[in-house]
Amino acid sequence: MKFFQWDEWTANSSQWERFSCTIKQTLHHDLVLENRQTPQRVHTPTGKIGIFVSSQSSSSSSTPQPTKTAVMPFGNSHNQLKMKNTSEQEYPDLSKHNNHMAKVLTPALYENLRSKQTPSGFTLDDVIQTGVDNPGHPFIMTVGCVAGDEETYEVFKELLDPVIQDRHGGYKPTDKHKTDLNPANLKGGDDLDANYVLSSRVRTGRSIRGFCLPPHCSRGERRAVETLSVEALGALTGDLKGKYYALKNMTEAEQQQLIDDHFLFDKPVSPLLLASGMARDWPDARGIWHNDNKTFLVWVNEEDHLRVISMQKGGNMKEVFTRFCTGLTKIEELFKNKGHAFMWNEHLGYVLTCPSNLGTGLRAGVHVKLPNLSKYRQFEEILKRLRLQKRGTGGVDTAAVGGTFDISNADRLGFSEVELVQMVVDGVKLLIEMEKRLEKGQAIEDLMPAQK
Amino acid sequence: MGHVPPLPLMVPEYSTHLSHAESCALEAFPREGTTNEPMDATLLIQKKTPMCFLGIVRLNEIGSDPKDCYLFSRTDRRKSAIMTKNCNNDYKLKFSLEEEYPDLSQHNNHMAKVLTKDIYNKLRSKQTPSGFTLDDCIQTGVDNPGHPFIMTVGCVAGDEESYEVFKELFDPVISDRHGGYKPTDKHHTDLNWENLKGGDDLDPNYVQSSRVRTGRSIKGFTLPTTNSRGERRAVEKLSIEALNSLDGEFKGKYYPLKDMTDKEQEQLIADHFLFDKPVSPLLLAAGMARDWPDARGIWHNDNKTFLVWVNEEDHLRVISMQKGGNMKEVFKRFCVGLQKIEDVFKKHNHGFMWNEHLGFILTCPSNLGTGLRGGVHVKLPKLSTHAKFEEILTRLRLQKRGTGGVDTASVGGVFDISNADRLGSSEVQQVQLVVDGVKLMIEMEKKLEKGESIDDMIPAQK
């Protein structure tokens, strides 16, 4: 175990910056304020370290040495003002609410967390505002809380861990998430029947370490993310070579083309997103990048820093996934070269704004014609067992049209990218087989899958 | 209590509350301390502000450097140092002016016309004692470049101090919006209904209804743009107490939005009393709809002539109205009711926010001064098509709206005619303008009905 002296450690800004404010506060309290003599042990992403204060600076002598960095106590005057009221006075009324946050938050939990904040000043009320303002959704169980920065998931663990557990099938705070972006590990997936599968698509999100997330970021940060992204994407070559279209400078012609290609994203109208502050300063620093082939698309500063999408007509999911992984890996490298990694850790995988997208942030899906199977009484059950979900072809809030469904993986966290896409590939293959049987009027009971 | 480590040099943002000498003293010893522990300290300088009690202290603990002075504030009886920093704002200060300055090239609102890079640079490091920052003030104006019918203001206040801390932004906006009102001007408040001349005899063949509304903010609480649930609920509680103490023609009942029965809701809609969660992006972007419908409600008297909205766009919106043209009666009820309500709030040491420069302090700068809109629904089918209609209104200092409110057009020649001014003239003066102006316009309408000319009746600019 490596030991660091307090002054030395706090002066090393890159190390210091990576730690959550709760760790910093605790250490400062224990070591400096309480004058503890024994080293304090801390778990870091790279291993355990010990911090101690040298005997000289821990003595209460005449002139105290100033510490080099002023990391705390940092303040948040607005939150402090709220602290004048009791926890009960401030606790939200969640009696009509049905979202993950409302199911988890208790007055005791609220009391514990209300005085905390992340280093950038994100507070508990900021985390839950969207869930307070939006009691429920007709079709889906919403999450009801968002992150403002990477540290949110640490500082507000006591709220977010149970939310993550509920949302991601019992994922425990001690679980580890595996990332696998090697397309060679995908078996098959290049031969989904094109008579049924209209198109294939894989999307995910990425957050750039060192910047606050869309609910909380300032204009300066958002612009910095855009600048970095444009640079990184501009360096792509070959079939990934493309162009960036900033939302605020778009010509009419460009806009029309992007709409026709179904690429254009608009200012959010969903109250879920608006309440969390993601539409602030629209359309400043938002934009769309896509390659010349129109098979690889990146959204900048929409719901996450980056949304990366690979897609094409037909059923060759393997090709889509290969392009996805190759492109993502290249982009990640380009960002790293500029000193900005993606937010990732071994517990939560890729860190994104909405807890529902943690882990892989991956949704891989196809638009597939299943007119007979979708009317089959066990359709929902089959999907559940295959760990898949259905949506209308217009997206999450729509219904299916003409028996054509968007079928995609239901999971995000606790499975790797390859595993999730494999489930889609295998599952859709089976669904098509079932559809064909039903077309011929044959039974499909023997094809019923076990729970994956 | 352990030694609080000194923080980097930063003169506190609300040093505007300190005199020059005090600011210099602080600059010489620029330390800020934050702790929730009671401090054993010597008070060097003290200053009272609307929000809190500021002071500079030197810690008494043995071994502390005499040069280490701390800025602290006492917001209640206990001595406690408050956070003088807003770490989110400090975090943003790491970015340059260029990086943070909003793109206002597509914008057409008062804020966009006034906010230069210079002003942004000056104000971006400041905050009010409750933590409201420049970006908080202007967010709604950045998110909403313009409005098809009206020139929007594009900035809001978070608390009483906003107008002081961000003077360099608000003063020019106020001047533009309120006809050249200067930072040194004084606003005159007159809620003595007896000073209104006439107004009880507007022709009911033309005037369908009369109405006066205003807003009030409760001192000691932050405004709807930034208040917390606890604060909003406290405002509601105080308001209910004040309103329930009313009697006589003012006796009434409170309907909280979140506990309303379907039947009550239908009745309130039929009476045109119910307000809904805001849909206007101007209000949403300013944060006024947070936690809806918590602590929002409607109170009205049994006669349905006096109505109060709690925690909508302002802490209180007070409305007096009735059918017909007796504006004097409407205004009398308005003044009397307001006074009674204010008395109850004052008893709890929470008077209304008011000062002699800006009059009544409200969330939107457009409502400063009287916050008053006194108006009638009046039938002017002929006059409204006259070539000089707009000119007449301008000269009478009146404005027209459709009968559905600010964003609507008129229907069947019936218009909502009300005072255009808010700041720089008193309540009585503004209602007088409406009363006299509408009387004149009805006369003009009658003349035009008979096919006569009205050229000799065109008024001079008031």
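So you know, we letter chains A, B, ... as the sequences are listed, proteins then strands, and number each from 1.
Summarising the geometry, atom CD belonging to B/Gln106 is positioned 8.5 Å from atom NZ belonging to A/Lys248; distances are rounded to the nearest 0.5 Å. Taking CD from B/Glu100 and CZ from A/Arg223, the interatomic distance works out to 7.0 Å, rounded to the nearest 0.5 Å. To the nearest 0.5 Å, the span separating OH on B/Tyr91 from CG on A/Asp149 amounts to 7.0 Å. Rounding to the nearest 0.5 Å places OG of B/Ser105 at 9.0 Å from CG of A/Asp284. If you take CG on B/Asn227 and NZ on A/Lys82, they are separated by 10.0 Å, rounding to the nearest 0.5 Å. The distance from atom NZ of A/Lys84 to atom CD of B/Glu231, rounded to the nearest 0.5 Å, is 7.0 Å.
Between chain B and the options A/Val132, A/Asp281, A/Asn134, heavy-atom pairs under 4.5 Å are most frequent for A/Asp281. Comparing A/Asp125, A/Thr86, A/Leu274 by heavy-atom pairs within less than 4.5 Å of chain B, the highest count is held by A/Asp125. Ranked by non-hydrogen atom pairs under 4.5 Å with chain B, the options A/Glu90, A/Gln129, A/Lys267 are led by A/Glu90.
For a residue to count as touching a neighbouring chain, one of its non-hydrogen atoms must lie under 4.5 Å from one of that chain's; by this rule A/Leu94 does not touch chain B. Using a 4.5 Å cut-off between heavy atoms, B/Glu98 touches chain A through its backbone atoms (N, CA, C, O) alone. Contact annotation for B/Thr226: both backbone and side-chain heavy atoms come within less than 4.5 Å of a heavy atom of chain A. Heavy-atom distances place the backbone of A/Glu88, and not its side chain, under 4.5 Å from chain B. Residue B/Leu97 does not touch chain A at all, counting heavy-atom pairs closer than 4.5 Å. Heavy atoms closer than 4.5 Å to chain B are found in the side chain of A/Ala224, but not in its backbone. Neither the backbone nor the side chain of B/Ala234 comes within contact range of chain A; no heavy atom of the residue lies under 4.5 Å from a heavy atom of that chain. Contacts of A/Cys212 with chain B are made by both backbone and side-chain atoms, with heavy-atom separations under 4.5 Å.
Ion pairing between a basic and an acidic side chain is recognised when a charged N comes within 4.0 Å of a carboxylate O; B/Asp103 and A/Arg219 show no such pairing. Note on B/Lys258 versus A/Asp93: salt bridge recorded, some NZ/NE/NH1/NH2 to OD/OE distance being below 4.0 Å.
At distances below 3.5 Å, not a single donor-acceptor pair connects side-chain atoms of A/Arg280 with backbone N or O atoms of B/Gln139. Without hydrogens or angle criteria, A/His78 side chain to B/Ser228 main chain gives no donor-acceptor distance under 3.5 Å.
Across A/Leu81 and B/Ser130, no two heavy atoms sit closer than the pair CD2-CB, 3.5 Å.
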